[in-house]
*Asks:* 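Dumping the structure here so I can ask a few things about it.
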Amino acid sequence: MAKALFIKTWGCQMNVYDSARMADVLAPVGYHPVDRAEDADMVILNTCHIREKAADKVFSELGRLKALKRRKAVNGGRLIIAVAGCVGQAEGAEIMARAPYVDMVFGPQTFHRLPEMVAAADSAPGQGVLDTEFPPESKFDFLPEEQGSQGISAFLAIQEGCDRFCTYCVVPYTRGAEFSRPAADILAEAQRLLAGGAVELTLLGQNVNAWKAAAPNGGTWGLGRLLREVAELEGVARLRYTTSHPSDMDEDLIQAHRDVPTLMPFVHLPVQSGSDLILAAMNRRHKAADYLRVVERLRAARPDIGLSSDFIVGFPGETDQDFADTLALIEAVGYAQAYSFKYSARPGTPAALLETDHVPDDIKTERLAVLQELVNRQQLAFNRALIGSVMPVLFDRPGKRAGQLLGRSPYMQSVHAEAGGERLGTLAPVRILGAHANSLSGRLVDSKEPEAAPCPETPA
Ligand code: SAH
Ligand code: SF4
Ligand code: F3S
């Protein structure tokens with residue numbers, strides 16, 4: 001019997017990828033995706049544990065679902081509620097105890113077993129199924145092929161888990177040990193995504209540039225080689241990868257930015273802090289100067305590269321001087337964009353146990369505002385510097401106004417331009433005319449326009 005599935009996703013791109021894979025796993029047992037919890041027979045919350053706020057959202061959402069489940073029961077229906085993802089992994093037993101109306105809890109590494117979990121939940125309603133094991137098998141060997149098109153811009157998980165154990169971070173505990181998928185599997189999945197209409201592929205991993213795996217014909221490849229091989233597949237217009245650790249940025253990967261034209265000139269390279277003392281306390285295992293050298297090498301390989309980063313302010317023990325060092329690093333790099341967060345103590349991580357002074361919340365708030373003001377200024381300067389240039393834009397959604405489309409530049413900026421619906425899903429050259437804090441606007445370049453600059457990404 002056909003049943004409806006609603007998945008709500010929080011967290012990183014890997015969770016977005018996982019949610020799509022969960023739908024694939026459930027399709028053969030009769031579940032098809034719908035857009036609202038109200039219409040669903042099963043709701044999966046695919047959750048994020050990275051900061052306290054992220055985890056808190058799960059319990060407030062569960063409260064709403066409990067009421068929905070009760071309404072359905074009154075009308076003789078049934079709603080299966082599942083908690084997946086990193087909160088499921090970290091707090092599975094607690095969720096079962098606190099929210100007994102939850103039917104299933106599982107983590108990022110066991111969702112290939114969803115059909116068995118659903119069967120167990122069906123045969124003993126009210127019992128609760130908990131599966132937060134780190135199984136010896138890799139789920140990737142059990143996941144069915146993707147169902148249908150994954151869109152023009154598709155995610156492809158190539159690496160998962162993390163062995164770096166930054167002292168503030170839950171990921172090594174929620175995702176488990178680093179695992180790299182074999183190159184042949186990745187190439188096959190990439191081919192399917194491209195055949196299904198994708199033109200942009202983003203290779204994903206918690207520590208994606210640590211990817212190292214068996215090559216199809218023996219030997220071992222790193223990420224640089226993998227990108228070169230994926231770039232050879234028919235239909236690839238754009239390649240990206242995220243998220244990278246500065247210490248895993250090897251020479252071959254850096255040179256891939258010089259050699260592979262479809263590899264976008266944009267790298268998300270989190271540094272977290274510019275203070276060597278804080279970096280050491282975070283167990284980042286690199287200094288600020290090491291990071292700046294990586295940036296320099298990337299820029300030597302690809303001078304027009306844009307950089308992005310993550311920052312944590314208010315790590316335990318962070319002084320005014322440490323924070324000033326972070327601002328100095330930001331000044332030295334000049335970012336195209338960046339994400340920044342107040343430090344959030346996470347249960348089970350070493351930093352949460354530090355005896356060092358915790359930074360008061362008002363200081364965290366103040367530092368975050370100062371940092372964001374600096375980054376926003378850099379972002380606006382980066383955007384403004386593009387005015388007058390012609391950039392290839394991948395139009396992926398309708399704009400706010402009729403006759404307008406929105407797309408992404410090579411630097412991930414949103415670009416809007418007047419364009420007909422037939423341009424959706426295509427790359428087109430756009431002359432940038434306006435720059436705002438978070439977006440650009442421009443005009444499609446008519447191929448007859450005499451002064452149009454060459455647009456390397458647009459197929460001739
Ligand atoms: N694997 C990636 C990203 C991990 S999570 C990496 O290694 O960079 C995304 C970002 O969340 C991190 O880069 C960090 O800036 C932030 N983050 C992680 N744990 C945090 C915590 N306890 N408090 C605040 N921010 C955190
Ligand atoms: Fe977390 Fe550090 Fe691993 Fe990134 S490298 S996932 S911040 S432990
Ligand atoms: Fe969040 Fe887990 Fe991703 S904690 S950031 S969903 S790896």
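Whatever order the structure lists them in is the order used to number ligands and atoms, beginning at 1.
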*Asks:* Under 4.0 Å from ligand 1, counting heavy atoms only, is it the side chain of Tyr168, its backbone, both or neither?
*Replies:*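 Within the 4.0 Å criterion, Tyr168 contacts ligand 1 through backbone and side-chain atoms alike.
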
*Asks:* At under 4.0 Å between heavy atoms, which part of Pro270 makes contact with ligand 2: side chain, backbone, both or neither?
*Replies:*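 Neither part.
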
*Asks:* Does the side chain of Asp396 come within less than 4.5 Å of Ser153's, by heavy atoms?
*Replies:*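 No, side chains not in contact.
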
*Asks:* Could you tell me which atoms of ligand 1, counted from 1 in the order shown, lie closer than 4.0 angstrom to a heavy atom of Thr243?
*Replies:*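 Taking each heavy atom of Thr243 in turn, ligand 1 has 2 (C), 6 (C), 8 (O) under 4.0 Å.
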
*Asks:* If you count every heavy atom of other residues, nucleotides or ligands that lies below 6.0 Å from Tyr339 atom OH, does the total exceed 12?
*Replies:*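 No, the 6.0 Å shell around OH holds no more than 12 heavy atoms from other groups.
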
*Asks:* Tell me the protein heavy atom at minimum distance from atom 17 (N) of ligand 1, and give that distance in Å.
*Replies:*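 Its nearest protein heavy-atom neighbour is Arg51 NH1, 3.5 Å.
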
*Asks:* Any N/O/S atom, backbone or side chain, of Cys162 lying under 2.8 Å from atom 1 (Fe) of ligand 2?
*Replies:*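 Given the 2.8 Å cut-off, Cys162 does not count as a ligand of atom 1 (Fe) of ligand 2.
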
*Asks:* Centre-to-centre under 6.0 Å for Phe106 and Phe111, is that the case here?
*Replies:*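 Ring-ring flag for Phe106/Phe111: false, centres at least 6.0 Å apart.
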
*Asks:* Does a sphere of radius 6.0 Å around CG in Asp39 hold more than 12 heavy atoms from other residues, nucleotides or ligands, not counting ones at 6.0 Å or beyond?
*Replies:*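 Yes, CG of Asp39 has more than 12 neighbouring heavy atoms, counting only those of other groups under 6.0 Å.
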
*Asks:* Pull out every atom of ligand 3 sitting under 4.0 Å from any heavy atom of Asn15, numbered as shown with elements.
*Replies:*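 Those qualifying, in numeric order: 6 (S).
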
*Asks:* Does the protein put a heavy atom less than 4.0 Å from atom 26 (C) of ligand 1?
*Replies:*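 Given the 4.0 Å limit, the answer for atom 26 (C) of ligand 1 is yes, a protein heavy atom qualifies.
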
*Asks:* Between Tyr168 and ligand 2, which part of the residue brings a heavy atom under 4.0 Å of the ligand: side chain, backbone, both or neither?
*Replies:*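 It is the side chain that touches ligand 2; the backbone stays farther off.
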
*Asks:* As an exercise, identify every atom of ligand 2 less than 4.0 angstrom from a heavy atom of Phe165.
*Replies:*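 So the answer, numbered in order with elements, is 8 (S).
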
*Asks:* Quick one: is the NZ or CZ of Arg51 closer than 6.0 Å to the six-membered ring centre of Phe341, and within 45° of its axis?
*Replies:*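 Flagged: Arg51 positioned over aromatic ring of Phe341.
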
*Asks:* Would you indicate whether the side-chain heavy atoms of Glu146 and Arg21 approach each other to under 4.5 Å?
*Replies:*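 Sidechains of Glu146 and Arg21: in contact.
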
*Asks:* Which residue holds the protein heavy atom closest to atom 12 (C) of ligand 1, what is that atom called, and what is the gap in Å?
*Replies:*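 Sorting protein heavy atoms by distance from atom 12 (C) of ligand 1 puts Asp310 OD2, 3.5 Å first.
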
*Asks:* Does Ser344 form a side-chain contact (heavy atoms from CB on, under 4.5 Å) with Lys53? I'd like the steps, not just the answer.
*Replies:* CA-CA 9 Å; Ser344 165; Lys53 265 197 194 137; over 6 Å; no

*Asks:* Atom 7 (S) of ligand 3: which protein heavy atom is closest, and how many Å away?
*Replies:*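 Checking every protein heavy atom, the shortest distance to atom 7 (S) of ligand 3 gives Arg175 NE, 3.3 Å.
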
*Asks:* Strictly under 4.0 Å, does any heavy atom of Arg284 approach an atom of ligand 2?
*Replies:*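 Heavy atoms of Arg284 do come under 4.0 Å of ligand 2.
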
*Asks:* Assign the ring pair Phe315 / Tyr168 to parallel, tilted or perpendicular, where the plane angle (0 to 90°) is split at 30° and 60°.
*Replies:*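 Perpendicular, since the angle between the ring planes exceeds 60°.
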
*Asks:* Can you tell if the side chain of Arg192 reaches within under 4.5 Å of the side chain of Gln150, non-hydrogen atoms only?
*Replies:*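 SC-SC contact between Arg192 and Gln150 ruled out.
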
*Asks:* Below 4.0 Å from any atom of ligand 1, is there a heavy atom belonging to Val171?
*Replies:*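 No.
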
*Asks:* Applying side-chain contact (heavy atoms from CB on, under 4.5 Å) to Arg408 and Arg397, what does each step give before you reach the verdict?
*Replies:* CA-CA 10 Å; Arg408 295 256 176 218; Arg397 62 222 131 116; 3.9 Å; yes

*Asks:* So is Gln272 polar-close to ligand 1, meaning N/O to N/O under 3.5 Å?
*Replies:*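 Yes.
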
*Asks:* Considering only the protein, which heavy-atom contact is closest to atom 8 (O) of ligand 1, and what is its distance?
*Replies:*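 Result for atom 8 (O) of ligand 1: Pro270 CG, 3.2 Å.
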
*Asks:* Flag yes if more than 12 heavy atoms outside Lys66 fall under 6.0 Å of its NZ atom; otherwise flag no.
*Replies:*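 Counting other residues, nucleotides and ligands, NZ of Lys66 stays at 12 neighbours or fewer.
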
*Asks:* I'd like the name of whichever of Asn283, Ile312, Asp248, Val171 reaches closest to atom 6 (S) of ligand 2 through any heavy atom.
*Replies:*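 Closest candidate by heavy-atom distance is Val171.
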
*Asks:* Counting neighbours of CD on Glu116 that are heavy atoms of other residues, nucleotides or ligands and sit closer than 6.0 Å, is the number greater than 12?
*Replies:*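 Buried by this count: over 12 neighbours within 6.0 Å.
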
*Asks:* Under 4.0 Å from a heavy atom of Tyr343: give me the atoms of ligand 1 that qualify, with their elements.
*Replies:*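 Result: 23 (N), 24 (C).
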
*Asks:* Just which atoms of ligand 3 are under 4.0 Å from any heavy atom in Cys48?
*Replies:*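 So the answer, numbered in order with elements, is 1 (Fe), 4 (S), 5 (S), 6 (S).
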
*Asks:* When you measure from atom 18 (C) of ligand 1 to every protein heavy atom, which one gives the shortest distance, and what is it?
*Replies:*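 Closest protein heavy atom to atom 18 (C) of ligand 1: Ile50 CG1, 3.5 Å.
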
*Asks:* What's the shortest distance from atom 1 (Fe) of ligand 2 to any protein heavy atom, and which residue and atom give it?
*Replies:*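 That would be Cys169 SG, 2.3 Å.
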
*Asks:* I'd like to check which ligand 3 atoms, numbered from 1 as shown, lie under 4.0 Å from a non-hydrogen atom of Cys86.
*Replies:*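 Going through ligand 3 atom by atom, the ones under 4.0 Å from Cys86 are 2 (Fe), 4 (S), 6 (S), 7 (S).
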
*Asks:* Which residue, Gln272, Lys287, Arg284, forms the side chain to side chain contact (heavy atoms under 4.5 Å, CB included) with Pro246?
*Replies:*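 Result: among Gln272, Lys287, Arg284, Arg284 is the only option passing the side chain to side chain contact (heavy atoms under 4.5 Å, CB included) with Pro246.
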
*Asks:* In terms of atom number and element, which parts of ligand 2 are under 4.0 angstrom from non-hydrogen atoms of Pro172?
*Replies:*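 Heavy-atom distances to Pro172 below 4.0 Å select 8 (S).
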
*Asks:* Taking the six-membered ring for Trp and the single ring otherwise, decide whether the centroids of Phe165 and His245 are under 6.0 Å apart.
*Replies:*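 No, the ring of Phe165 stays outside the 6.0 Å limit from the ring of His245, centre to centre.
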
*Asks:* Out of all atoms in ligand 1, which are within 4.0 Å of some heavy atom of Lys342? Include the element for each.
*Replies:*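 Ligand 1 atoms under the 4.0 Å threshold to Lys342: 23 (N), 24 (C).
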
*Asks:* Tell me which protein heavy atom sits closest to atom 3 (Fe) of ligand 3, plus the residue, atom name and distance to 0.1 Å.
*Replies:*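 Answer, as residue, atom name and distance: Cys12 SG, 2.3 Å.
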
*Asks:* Which residue holds the protein heavy atom closest to atom 4 (S) of ligand 3, what is that atom called, and what is the gap in Å?
*Replies:*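 The answer is His49 N, 3.2 Å.
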
*Asks:* Of the side chain and backbone of Gln206, name the one, both, or neither that has a heavy atom under 4.0 Å from an atom of ligand 3.
*Replies:*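 Under 4.0 Å from ligand 3, Gln206 contributes side-chain atoms alone.
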
*Asks:* Do Glu160 and Gln206 make a side-chain contact, defined as non-hydrogen atoms from C-beta onward lying under 4.5 Å apart?
*Replies:*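 Yes, at least one pair of side-chain atoms sits under 4.5 Å.
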
*Asks:* Distance under 4.0 Å to a non-hydrogen atom of Arg346: what atoms of ligand 1 satisfy this?
*Replies:*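 Listed by number with element: 22 (N).
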
*Asks:* Supply the atom-to-atom distance Phe179 CZ to Ser138 OG, rounded to the nearest 0.5 angstrom.
*Replies:*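 So the CZ of Phe179 and the OG of Ser138 are separated by 3.5 Å.
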
*Asks:* Got the closest protein heavy atom to atom 1 (N) of ligand 1, with its distance?
*Replies:*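 Closest protein heavy atom to atom 1 (N) of ligand 1: Gln206 O, 2.6 Å.
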
*Asks:* One residue to check: Cys166. Relative to ligand 2, which of side chain, backbone, both or neither has a non-hydrogen atom less than 4.0 Å away?
*Replies:*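 The answer is both, backbone and side chain.
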
*Asks:* Provide the number and element of each atom of ligand 2 under 4.0 Å from a heavy atom of His245.
*Replies:*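 With His245 as reference, the close atoms of ligand 2 come out as 5 (S).
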
*Asks:* So does Lys342 have more than 12 non-hydrogen atoms from other groups sitting under 6.0 Å from NZ?
*Replies:*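 Yes, enclosed.
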
*Asks:* Of the choices Ala338, Ser344, Gly314, which has the non-hydrogen atom that lies closest to atom 22 (N) of ligand 1?
*Replies:*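 That would be Ser344.
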
*Asks:* Run through Leu269, Leu329, Leu374 and flag the one making a side chain to side chain contact (heavy atoms under 4.5 Å, CB included) with Tyr335.
*Replies:*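 Exactly one pass, corresponding to Leu329.
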
*Asks:* If I apply the N/O under 3.5 Å rule, does Ser244 come out as touching ligand 1?
*Replies:*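 Looking only at distances, the answer is no, because the N/O contact criterion of under 3.5 Å is not met.
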
